[in-house]
Asker: 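I have a structure I would like to understand better, so I am pasting it below and will then ask my questions one at a time.
Keep in mind that the numbers below use all heavy atoms, side chains included, and drop hydrogens, waters and symmetry copies. Given the structure is predicted, the values throughout are model-derived calculations rather than measurements.
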Amino acid sequence: MTIRLFSGAIMAALLATTPLAAQQGDSFQGTSLLGERMVTPANGNKNVADPALLDRAAADAKAAFEQNMTVDTATWYGRVLFYQGYARESAEVYRKALKRHPDSPKLLRHLAHRQFSLRQFDESIETGLRAAELYSNAPLEREKLGPDYFTSTPDVVQYYLYYHLGQAYFAKHDFDNAAKWFNKSSQAAGFGFDPEARTANTYWEFLSLARGGRMDEAMEVLDAYDLTLFQVHPEGGSDNYFDGIQLFKGHRDAKSFFTTQDSGRPFADADGMAASTAYSLANFYLLKGEREEARTWLKRSINVDSWSYFARIQAEADWVALFPGADHTLSEQ
């Protein structure tokens, strides 16, 4: 048996393009809209699962993917990598799988999400629209569940495809198209009673219409939302989108907001709550025409440790559009 030694340069190139089940160090993901490095530390997942359990799931998913590259093994491996915070590596899994399965709308849906997280909005829209065309007139599809030891949810693929198209258009301030896709996402979720989905879609469809100047339609969307927090989360806890809706409805005072407390819900740690709450307040003041007050809250939404939250991404996009070249950092307290 011959053992070949790789040079340092070749090995570095391999590591840069090969998704890993468990990173040994920080992973550079890309650059934010404000020119800052986006880095995921090893075991840097937020409230997803015990790190050892997540590493096990990633190792098993990697092995299954390498043994038999199907749409399902690629989808699951990419999902677990994304849970670990490795959006760039996850996207590479989908690109590799799409070479074998070029017309898989499920793979395209997930790639579009990763492209959005990496601030590649035009690419995300192009990929997402291709997936939407492939799903045209097709029945709703659900994600295949992960292994028994790692709980996952049977999400409706089209729901998240349309939802992330809405996010990508919103980030480009194409609010008409954003409203269109958030509405289509609502329709995909409408077959079953999903209060969390309805809450999230109401929040973003309202903002899309309102930010696009279609306030009458925006208020109709807002007025149609009649859920209670108990219906959204009967087990207790908070919901950032529900809180934002109550703010826009006039049922909450803006001064009653803001907390850095961890909600305990998956993916919703203290940073996530801070970014989302601050972004709701920023939009509240933008819609009132109070740009300077909105500016303060956009800064709060941007200045969190994690770079992957939707609110953080949208706050970056708003900052670039509304305050180009201005300092976005928080002043020392």
Side-chain angles (χ1 to χ4, degrees), residues 17-19 29-30 38 58 61-62 64-66 68-146 152-172 174 177-191 194 197 200-201 204 208 267 308 310 313-314 317:
T17 57
T18 303
Q29 296 292 302
M38 302 187 303
K62 182 176 188 288
F65 171 75
E66 292 178 344
N68 185 20
M69 189 196 303
T70 67
V71 169
D72 285 331
T73 61
T75 298
W76 180 242
Y77 183 31
R79 286 179 71 182
V80 177
L81 283 169
F82 195 57
Y83 296 157
Q84 293 180 302
Y86 302 131
R88 179 177 59 82
E89 293 86 343
S90 177
E92 286 304 314
V93 167
Y94 295 127
R95 290 191 182 95
K96 184 175 181 179
L98 280 162
K99 291 178 181 179
R100 182 173 296 182
H101 307 282
D103 294 322
S104 168
K106 184 190 287 188
L107 293 176
L108 290 165
R109 162 268 185 271
H110 281 281
L111 176 58
H113 182 184
R114 308 309 181 260
Q115 290 169 323
F116 171 75
S117 296
L118 294 170
R119 280 60 167 176
Q120 300 164 357
F121 303 139
D122 289 332
E123 293 90 336
S124 180
I125 289 170
E126 182 180 0
T127 303
L129 289 177
R130 184 179 168 209
E133 183 179 4
L134 289 167
Y135 269 128
S136 179
N137 299 319
L140 295 179
E141 181 179 4
R142 289 190 177 273
E143 298 284 6
K144 185 177 179 180
L145 296 177
S152 62
T153 53
D155 299 328
V156 174
V157 181
Q158 289 96 321
Y159 170 80
Y160 283 104
L161 166 63
Y162 306 148
Y163 186 85
H164 294 126
L165 269 168
Q167 291 288 340
Y169 277 116
F170 194 97
K172 289 179 64 66
D174 183 345
N177 269 315
K180 167 188 169 181
W181 287 104
F182 284 126
N183 180 268
K184 194 169 179 66
S185 180
S186 294
Q187 294 176 36
F191 186 74
D194 187 339
N201 281 89
W204 287 109
S208 299
F267 303 103
S308 61
F310 288 166
I313 296 171
Q314 300 296 357

Asker: When rounded to the nearest 0.5 angstrom, what is the spacing between OG1 in Thr73 and NZ in Lys62?
Answerer: 12.5 Å
Asker: Got a second to check how far Arg79's CZ is from Gln84's CD, nearest 0.5 Å?
Answerer: 13.5 Å
Asker: Step by step, work out the side-chain contact (heavy atoms from CB on, under 4.5 Å) result for Phe82 and Ser117.
Answerer: CA-CA 10 Å; Phe82 195 57; Ser117 296; 3.5 Å; yes
Asker: Restricting to side chain to side chain contact (heavy atoms under 4.5 Å, CB included), what partner residues turn up for Lys96, sequence neighbours left out?
Answerer: Phe65, Met69
Asker: Before you tell me yes or no, could you show the steps for Leu98 and Arg95 under side-chain contact (heavy atoms from CB on, under 4.5 Å), namely the whole-Å CA-CA distance, both residues' side-chain angles and the distance that decides it to 0.1 Å?
Answerer: CA-CA 5 Å; Leu98 280 162; Arg95 290 191 182 95; 5.6 Å; no
Asker: Which residues satisfy the side-chain hydrogen bond (donor to acceptor under 3.5 Å, both in side chains) test with Gln314, sequence neighbours excluded?
Answerer: Gln167
Asker: Please enumerate all residues that pass salt bridge (charged side-chain N to carboxylate O under 4.0 Å, His left out) together with Arg100, with sequence neighbours excluded.
Answerer: none
Asker: Say whether Tyr135 and Glu141, considering side chains only, have a donor N or O and an acceptor N or O under 3.5 Å apart.
Answerer: yes
Asker: Could you list the residues that satisfy salt bridge (charged side-chain N to carboxylate O under 4.0 Å, His left out) with Asp174, not counting sequence neighbours?
Answerer: none
Asker: Nearest 0.5 Å, please: how far is CG in Leu161 from CG in Asp155?
Answerer: 13.0 Å
Asker: Write down the atom of Ser124, the atom of Ala168, and the distance for their closest heavy-atom approach.
Answerer: OG-CB, 4.0 Å
Asker: Between Phe310 and His164, is the gap from one ring center to the other below 6.0 Å?
Answerer: yes
Asker: Among pairs that include at least one residue of residues 109-121, which meet salt bridge (Lys or Arg N to Asp or Glu O under 4.0 Å), considering only residues two or more places apart or in two chains?
Answerer: Arg109-Glu143, Arg119-Glu316
Asker: Checking Phe121 now: which residues fulfil ring pair (Phe, Tyr, Trp, His ring centres under 6.0 Å) with it, not counting sequence neighbours?
Answerer: Phe116
Asker: What residues, two or more places apart in sequence or in another chain, satisfy side-chain hydrogen bond (donor to acceptor under 3.5 Å, both in side chains) together with Tyr159?
Answerer: Asn201
Asker: Let me confirm one number: the OH-CH2 distance from Tyr163 to Trp204, rounded to the nearest 0.5 Å.
Answerer: 6.5 Å
Asker: Just jot down the side chain to side chain contact (heavy atoms under 4.5 Å, CB included) partners of Leu145, sequence neighbours excluded, or say none.
Answerer: Ser152, Pro154
Asker: How many angstroms lie between atom NE2 of His113 and atom CG of Leu165, to the nearest 0.5 angstrom?
Answerer: 12.0 Å
Asker: Could I get the full list of salt bridge (charged side-chain N to carboxylate O under 4.0 Å, His left out) partners for Lys172, not counting sequence neighbours?
Answerer: Asp122
Asker: Once ring pair (Phe, Tyr, Trp, His ring centres under 6.0 Å) is applied, do any residues pair with Tyr94, and if so which ones, sequence neighbours excluded?
Answerer: His110
Asker: Indicate the atoms forming the closest heavy-atom contact of Thr127 with Leu108, along with that distance.
Answerer: CG2-O, 3.2 Å
Asker: Taking all non-hydrogen atoms of both residues into account, name the closest pair between Ile313 and Ser308 and its distance.
Answerer: CD1-O, 3.9 Å
Asker: CG/Leu129 to CG/Leu134 distance, rounded to the nearest 0.5 angstrom?
Answerer: 11.0 Å
Asker: For the residue pair Ala97 and Ala74, what are the closest heavy atoms and their distance?
Answerer: CB-CB, 3.5 Å
Asker: Please enumerate all residues that pass side chain to side chain contact (heavy atoms under 4.5 Å, CB included) together with Asp72, with sequence neighbours excluded.
Answerer: Thr70, Lys106, Lys144
Asker: Determine the minimum heavy-atom distance between Tyr77 and Ala58, stating which atoms define it.
Answerer: CE1-O, 3.9 Å
Asker: Anything under 30° is parallel, anything over 60° is perpendicular, the rest tilted; go ahead and classify Tyr162 against Trp181.
Answerer: tilted
Asker: Applying side chain to side chain contact (heavy atoms under 4.5 Å, CB included), name anything that partners Pro102, two or more places apart in sequence or on another chain.
Answerer: Arg130
